[in-house]
There are 2 protein chains.
Amino acid sequence: MTDLLQERDAWSMANCSVARTLEIAGTRTALLIMREAFLGTRRFDDFAKRVGIGEPAASARLKELTAAGLLERVPYQEPGQRTRYAYQLTEKGRDFLPVLTALRQWGDTWATDEQGPPLVVRHRDCGAAVHAVLRCDDGHDVRLRESYVDAGPGLIRVGPDAPEPDGA
Amino acid sequence: MTDLLQERDAWSMANCSVARTLEIAGTRTALLIMREAFLGTRRFDDFAKRVGIGEPAASARLKELTAAGLLERVPYQEPGQRTRYAYQLTEKGRDFLPVLTALRQWGDTWATDEQGPPLVVRHRDCGAAVHAVLRCDDGHDVRLRESYVDAGPGLIRVGPDAPEPDGA
DNA sequence: CCGCTGACTTCTGCAATCATAAGTCAGCTC
DNA sequence: GAGCTGACTTATGATTGCAGAAGTCAGCGG
């Protein structure tokens, strides 16, 4: 463990990846819409009904997530019906699955009633339950408290010994 | 893949683990405070300053997270100072790390500027970067689109063939 | 070319969230 | 026991988020 945390006040969180992710999809309704998308929902009315939100909220969130590239609007046509549009996950959106898995897993562990979790996600090949786990690039499992924080290339230092503190 | 998703409207999301997690820590400020806690912040003023939020918001969020059991208020005393209280992660709070790791990772991948991510989390033993990955109980890596949704013990069915639809 | 339907959008108003600034409080130092 | 300091709490007002209801719109069927 380095002493990077000792100088915590010396770096800015302006470009924090967690904060940026939350800017894009950090509201309750946006995350629930992403959950629904992973559960196979594709149509506007179904999103609103199944997430349990009003149409204005569904509209705003779907528009934002589409603009951010997590969802895409694709035309489809049922026989004898006019062309309609569905919202489906892009690669960028599908890559969001670990976030939802981690959220679901935490809720399964710490916020479930006696009956247990309502849903179980299983591996297609073997049927075993899927979990989000932490692993390092060397292939080791990383348990809680077995990690430390290091400076990355995008770290912005501020304060006394910083190059040029432009912003706060 | 079962046809569970076909009957999507037949089950309620009242006890959805994702939704429950978001009820507890689903706001932007709560998640950022949890991030700060993992970065080692423990004191009230530091939380407010480093997260970049006002004191009322910090106060409310810390109170909620403490009440929910993710943080605990512990007394400490610096020499020559009166007793003060610090907020530190409980086991329940530490178990939240996969959520933040997944959020950070998505931001690192999809929302970083040219300079790259500001922080890198490394494995204490080997120094390699830590990631959130999906794995099944049989030990297989689960890639995107290699999972399906199954009914869990807590699934609540509603509608025509449901036992007794009490709520909406 | 008219009515119907699913997919939105707009309107209205309420409730929650948040920052700024000012006020309170406890208890160690002196 | 008065002052000081960190840790909050309490106004106040702006902003955002949200629901419900009503309105718009496009295009297929008839």
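To find a chain, count down the sequence lines: A is the first, B the second, and so on, and within it residues start at 1.
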*In terms of side-chain heavy atoms of A/Glu55, which of D/dA22, C/dT10, C/dA7 is nearest?*
D/dA22

*Over how many whole Å does the gap from B/Leu62 atom CG to D/dG6 atom C1' extend?*
15 Å

*Does B/Arg42 make a cation-pi contact with B/Tyr87 (under 6.0 Å, within 45 degrees of the axis)?*
no

_Between C/dA21 (C1') and B/Asp45 (CG): distance, integer Å_ = 15 Å

*Would you please classify the geometry between the A/His140 ring and the B/His123 ring as parallel, tilted or perpendicular, with 30° and 60° separating the classes?*
tilted

*Please check the phosphate of C/dG27 (OP1 and OP2 only) for any side-chain N or O of B/Tyr85 closer than 4.0 Å.*
no

*Taking all non-hydrogen atoms of both residues, which atom of B/Met34 and which atom of B/Leu70 are closest, and how far apart?*
CE-CD2, 3.7 Å

*A/Asp108 bridged to B/Arg20 by N-O distance under 4.0 Å*: no

*asked:* With a 4.0 Å cutoff (strictly under), does any side-chain N or O of A/Arg61 reach OP1 or OP2 of D/dC18?
replied: yes

*CZ of A/Arg43 versus C1' of C/dT5: gap in Å, rounded?*
11 Å

*Please state how far atom CZ in B/Phe47 lies from atom P in D/dA7, giving the value in whole angstrom units.*
11 Å

*Under 4.0 Å between a side-chain N/O of B/Lys63 and OP1 or OP2 of D/dT9, yes or no?*
yes

*Presence of salt bridge, B/Lys49 and B/Asp46, under 4.0 angstrom*: yes

*D/dA19, D/dT5, C/dA7: which one has an atom nearest the side-chain heavy atoms of A/Ile53?*
D/dA19

*Picking from C/dC8, C/dC11, D/dA7, which would you name as closest to the side chain of A/Pro56?*
C/dC11

*Check the distance between D/dC8's P and B/Lys49's NZ and give it to me in whole angstrom.*
15 Å

*asked:* It should be established whether B/Ser59 places a side-chain nitrogen or oxygen under 4.0 Å from OP1 or OP2 of nucleotide D/dC8.
replied: no

_Counting only side-chain heavy atoms from C-beta out, which of D/dA21, C/dA21, C/dC18 sits nearest to B/Thr29?_
C/dC18

*Under 4.0 Å between any heavy atoms, over every strand shown, what does B/Arg28 touch: base, sugar-phosphate, or nothing? Just pick one.*
nothing

_Value in whole Å for how far the P atom of D/dC8 lies from CD1 of B/Ile33_ = 12 Å

*Does A/Arg42 make a side-chain N or O approach to OP1 or OP2 of C/dG6 shorter than 4.0 Å?*
no

*Let me know the distance between CD of A/Glu64 and P of C/dT9, rounded to the nearest Å.*
12 Å

*B/Thr27 near the nucleic acid: base, sugar-phosphate alone, or nothing, with a heavy-atom cut-off under 4.0 Å?*
nothing

_Please classify the nucleic acid contact of B/Tyr87 as base, sugar-phosphate, or nothing, using heavy-atom distances under 4.0 Å._
sugar-phosphate

_Value in whole Å for how far the C1' atom of D/dC25 lies from CZ of A/Arg84_ = 11 Å

